[in-house]
Structures are given as structure tokens and as C-alpha cells.
Protein chains: 2
Amino acid sequence: MSTPAPPGRVTIKDVAAAAGVSKGAVSLAFNNKPGVSEATRERIFAAARRLGWAPNSAARSLSRQSVDTVGLALCRPARLLGLEPFYMEFISGIESVLAEHDCSLLLRLVGSLDEEITLQERWWRERQVDGSILVDFHQDDPRIGPLRRLGLPAVGVGHPSLTGGFPSVWTDDATAVAEAVRYLAALGHRRIARVGGPADLGHSGIRAQAFERTMDELGLGGGRHVETAFSGEEGARATRMLLLGADRPTAIVYDNDIMAVAGLGVASEMGVSVPDDLSLLAWDDSQLCRLTHPTLSAMSHDVHGFGAEVARVLFDVLAGQEVSSRPVATPSLMPRGSTAPPRP
Amino acid sequence: MSTPAPPGRVTIKDVAAAAGVSKGAVSLAFNNKPGVSEATRERIFAAARRLGWAPNSAARSLSRQSVDTVGLALCRPARLLGLEPFYMEFISGIESVLAEHDCSLLLRLVGSLDEEITLQERWWRERQVDGSILVDFHQDDPRIGPLRRLGLPAVGVGHPSLTGGFPSVWTDDATAVAEAVRYLAALGHRRIARVGGPADLGHSGIRAQAFERTMDELGLGGGRHVETAFSGEEGARATRMLLLGADRPTAIVYDNDIMAVAGLGVASEMGVSVPDDLSLLAWDDSQLCRLTHPTLSAMSHDVHGFGAEVARVLFDVLAGQEVSSRPVATPSLMPRGSTAPPRP
DNA sequence: GCCTGGGCCTAGACCGGTTCACTCGCGGGC
DNA sequence: GCCCGCGAGTGAACCGGTCTAGGCCCAGGC
């Protein structure tokens, strides 16, 4: 055929010329708006295809005043993130919904919440994002004030009591912790410990409280927790500490999968048999829980769906709807090989 | 003070007016270009700070003809990705370099290489990215033709023989595999097996060849491999198969960490003692390898640095330099608790 | 026959930056 | 005294789309 692609970049003007119409018509055709006849529309598409044209996103963003991009900053060292199956799964859930809207995810790893504040301010001021997803809320999270003042459209991942006015999506961790503890108690465990995240991290705090409350209700005393930073190494250290201490627990609940795996390693290293001498319960239930021996019982939830729901709420926010916070399904127990009645 | 931020969005014009200069001067000041005096520059910065202004990125992209964003599409199911510590670490390495250039990473999970081709074409045609990072090359990778024709600036992660003309960054897997096999042979192992990725995946193919060649050289016969899709489950299945088959191997080399962990679980489940009855060698050496009992010996490399180097090469490409492919450090053996001489 | 209305399409303003050609004022050299 | 050059700063074109106001034409109603 003829008309090889022009040497420089091809713009809407070239397409318009090739189809014998004005720029406006091309724009209408490509945005599926009325105002061009079917025949013309076809001609325009043909010309665009022939020239290999697609609308320049910067130009479109400029006049549309929206960039079809949302931001997500993760504030944990990469070494930990890579190990947490949670996030990739969560991200993929987010993306599955974004893709339906031709929207992109801007991902950034940051070192601290202050760094995230700076980043989000830049993203918003420079209009690099239409809105953001905020995760890992802390008690009195420092991001809330600055970002709310900024007017950044955002959705928070975490209990509404933590997200300070940002619409939120959360799992009911308190109920899930209660279920976990009651299950272990029902098996006959009386000395139950918990290896959690840092207490100032919102959901860790909630889980910690729920743990103590449930233990109290069952008349098992406060129960011990150890705080860690979610890393496998610290999970191992915490487990070692618990197993070496007086009043060794017969069951341990972990705040994520990786620490539970590490705990299993420690038990094996110390010659403590799982589940005979020690029951272990993981959290999140990634595939990792099925790879160990024994397999890990876990509090299981649909992380992909969680991410998807978060994205949906963000779109509601962006559409200007007044959205209310909403919970997604509560994690539920998936018993496997690492939990059993304690040895008499 | 006075001058509260204007109700609508604030633009360069507002800042110019507030500082009593022209738009051009503001632009010069903000881009650290000569043409404005120190005093004026200060006044402009003060005004911008007061109004909370930052240059609109869409507008800047439009006139600069660059978007300061690079693309990365990952083509593996999220369920696997989340488990592979490799990618998050790799991404964080990429970002560490991008951040220095005020550049963002556009990340997308795709389902197939064809989907990736479509995506990259869109990204490039719409100028959503200045360039891309291509990973997971296959033999005769279908992305090469279309994307090279497109003129997409990109860097390939993988041996130059795979990346079809895209400048590449790679680790010398062949040498690393040879080291792994020689090490096991030196311990006294004669029946060594390998659990690898799909053979049509470039680096798996290279490792497979190197494995066979090295086994041959050592007079140990071809050696057995099993192909998997990198998932823990398949790693477990492959291990089970090897251990149940005739001529059970005394050592197994895995293509990533997660399969090695799964292999360890299977050994434990089958009552095969590691390392006494079976040696296991992982690949990548994420933190995971230190969490199991016994700890996993692994071929170790600096994944973060790998990602950083890839980003650096991409910037060279974007700067229009004629760059040549380059290797990063070869993975090297990190012996731990999962390898030992075979029981006599 | 005239007016109305709707379908199709165009011209041009506009989004908010960057950049280039140009002006202005001033100091220095001869 | 005149010219040159340079630093500072301006105005307008430009990037490539979207979108609004309006023009033209034809069918239909009274």
C-alpha cells in the first residue's frame, strides 16, 4: 500500500488530514461520541490504523484534567516486601479493576511515612495521579492531616477508626483474631502467644487488643505477645524467645505467613514437634502455607478481592460520590497440619 | 499574611503574577536554568511555596516530549509473583535508580506475552512511557519483532542471545550452574537432579544446557531435570517425583527459592533427611533461605543491584547512547545447612 | 414558503507548561 | 562617544489533544 508512517511522530492532525476531516472529528470518533457518521468514523479508524496513531496521553491529560493513574506508596523495606506474598496479590487485585477503566498504577517504595507524605504531595500537586491508595495506617497516622488538607482523593486500607476521614476498606481483624484464639482454646490450648507487627501499626494494634480481650474472656489471662517488624528473621527470633522462656506456649498465632514459616523452622531447629508440642497459626494464607511440612493452618482471606474492592471504592471517590467505608470478608480459619490439641 | 491559595488549581501564571514576572521566568527558575537573577529566583520560589504550586506534569510532558516514566510488564500469575521474592527486590533496585532521575515506574501484570505486546505498543504509541524494561525472555521471543519495529527504547533482562538486539543486562547463569554442580560433585554427589523453569523460558534453557554440559564433563551422565512453572506447588510435585523414582538423586538444584522451600517440605514429609540423605540448593538467595531448618544453601546474587543496573542501562538508552549489553555479577555459592556430602 | 430542529462537521480557544527570538539596560574597550 | 556583548527578562509560538460555539444542509410541520 501507500502512505508509510511519517518520519516524525504522528499526531491527530495527520490522522485528520488522512481521513479528510478536522481534528475535532477524529477526537469524537475515538471517544465514541456522537457527531460523526458511521462511514466517517470508519474512515477515521482506518486512517489511524494505517498511520499507527494513538492519542498522546500527556495532551489528553492536559485538556481532560485527569491522568487515569492512581498512586500507591509502600512503606516497608523491599527485603520484607518481597517476602510478603500479601502485597503482590493485593496489587494484582487493584490492577484487575484499574485495567477495566484503562487506568494505571503508579507504584513507589518509600522509606518512611514522612517520605510518603512528600511523595503524595508531589504526585497530587503535579497531577501525576488522580488519587491514591493509602495503606499501613498507624495510630494517629501522620499522613492524615497533610493529605486531607491537600484535598487528595484517596481511599484508606484499614479500619475506619484509623483512616481519619478517608473512606476505607478493611477486614475485620478483631473478629478474625477472636476466631483464631477460640479455635486454639477449643483444641485445648491454654498458653497461647501471639507474634505480631509493631503496636503502632494500626491493624497490629487492633489485633493485639482483640487477642487480649478474647484471652481474657476465655479466662486464659492476657496472653503474651511479641512485637516484630514482620520480617522472617524477627519472627524466628520471637519464636525462639517464646519457646525458651518460662511457661512456654503451646500455640502461637502469627501476623503473617512468613513469620509463621520462620516459626516452623525454629521449632524444627529446637526439636519442638509441630503440631504435637506446638501449634502454629499463620495469617493471610498465601500458597506458602501449603508448601511446608506440616502445612500451616492459617487465617485465610481473599487478598486479590480485597485489592479489587479498594480500587472500586477509589473509583467511586474519583467519581465524586459520597462513599462510606466498607468491610470486606472477614478472614476465616483454614485448619491444616500445624494445629492440633496440645499433648496432654 | 495575605494571598490564600486561589480556589481553583494554581498554575504557573498565578505564580508568575505573584512574583511579578513572566511565565517564562518561573519556568527558568524551576528548571535551574540561567536567565534569572538570584534575587528573582528567590522571589519566584517564595511565591510558588506560598501558593503551593508544582508544575503540572501533563503540561510539562507535552512540551518536553518526555514523560519521565518507564514501563515494566510482568507476565506471571500474581499468585506466583507474590511468592517470588525476586521481583519485589528487583523492582526496588530499579526504583532506587529511577528516583534519582525523578522518574516513575509503571507496573503492570499481564497474562501472556501477546498481551504484553499489546500493552507495550499502547504505552509507547500513547507516550505513556519513555521506554521499557523487558523481562523473562523466551526462545525466539515474540515480543522482539513487534517492539523493535515500533522503535520502543528498551532494555532486556537476559542473555544477549535471547534479547534479539535489545541491549541487555544479565547474570551469567551458565557459569553459576556449573559452579553449583561442581560444588555438589565435589561433596561426593553423583546423582544430581535439577528442578527448573519451563524450557522455553530463556534463562531456564540456558541453565538446563549448562547443567547437562557440566554433568557430562564430570562424567556423571546427563543428569535429570524436571520442568515446572516456578510455583511452589510444582516444585513440590517435582521433588516428590524425583524422590519416588528409581535412582533417587542425592542432590537437587532448584531454579528459585520457593521451589527449594517446597522441596524441603516434601523431603520432611517423606522422612528424607536433609542434608544427610538429600542435599538441596536454592537459587536467588532471598531471606527465605535463612528461615527454614535446615537453612538453604543457595546460589546467591545481588538482585537489588541487578535491578539498579538495568535501570541505569535504560537511562543510557534513553539518553541516546549506543549501549552494549553487559553482565552483572555472577551468582555465587552460599553454602548453608541444606548441602552436605551424601551418606556413604 | 418559511421556520424549526437535528445530524454532521469545522474552526478555534483552551489546558499549562517549555522554549526561542528578541528587547532592554548596563559596563567595558577603544 | 560609540559600539559590543552579556545578563536579565518578556512575549508568543508550540506541544497534541478536548470541547464549545456555530455553520451548513436537509427533512418535516404548519
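Note on naming: letters A, B, ... go to the chains in the order of the sequence lines (proteins, then strands), and numbering restarts at 1 for each one.
Taking 4.0 Å as the cut-off between side-chain N and carboxylate O, B:Asp102 and A:Arg122 count as a salt-bridged pair.
A:Ser57 comes within 4.0 angstrom of nothing in the nucleic acid, heavy atoms only.
A cation-pi arrangement, defined by a distance under 6.0 Å to the six-membered ring centre and an angle within 45 degrees of its axis, is present between A:Arg143 and A:Phe137.
More than 12 heavy-atom neighbours from other residues, nucleotides or ligands sit within 6.0 angstrom of CG on A:Asn31.
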Reading nucleotides 12-19 of chain D 5' to 3', which nucleotides get B (base under 4.0 Å from a protein heavy atom), which S (sugar-phosphate only), which -? ---BBBBB
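Ring geometry, B:Phe90 versus B:Phe86: the interplanar angle falls under 30°, so the pair is classed parallel (tilted spans 30 to 60°).
Side chains of B:Ser132 and B:Gln120: a donor-acceptor N/O pair is present below 3.5 angstrom, by distance only.
A donor-acceptor contact shorter than 3.5 Å links the side chain of A:Ser168 to the backbone of A:Gly158.
Between chain B and DNA chain C, the heavy-atom contact criterion of under 4.0 Å yields a 5' to 3' nucleotide range of C:dG16 to C:dT19.
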Checking side chain to side chain donor-acceptor pair (under 3.5 Å) for the pair B:Ser92/B:His304: CA distance, chi angles, key distance, verdict? CA-CA 6 Å; B:Ser92 104; B:His304 183 95; 2.9 Å; yes
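The minimum heavy-atom distance between B:Asp130 and B:Ser66, with the atom names listed, is OD1-CA, 3.5 Å.
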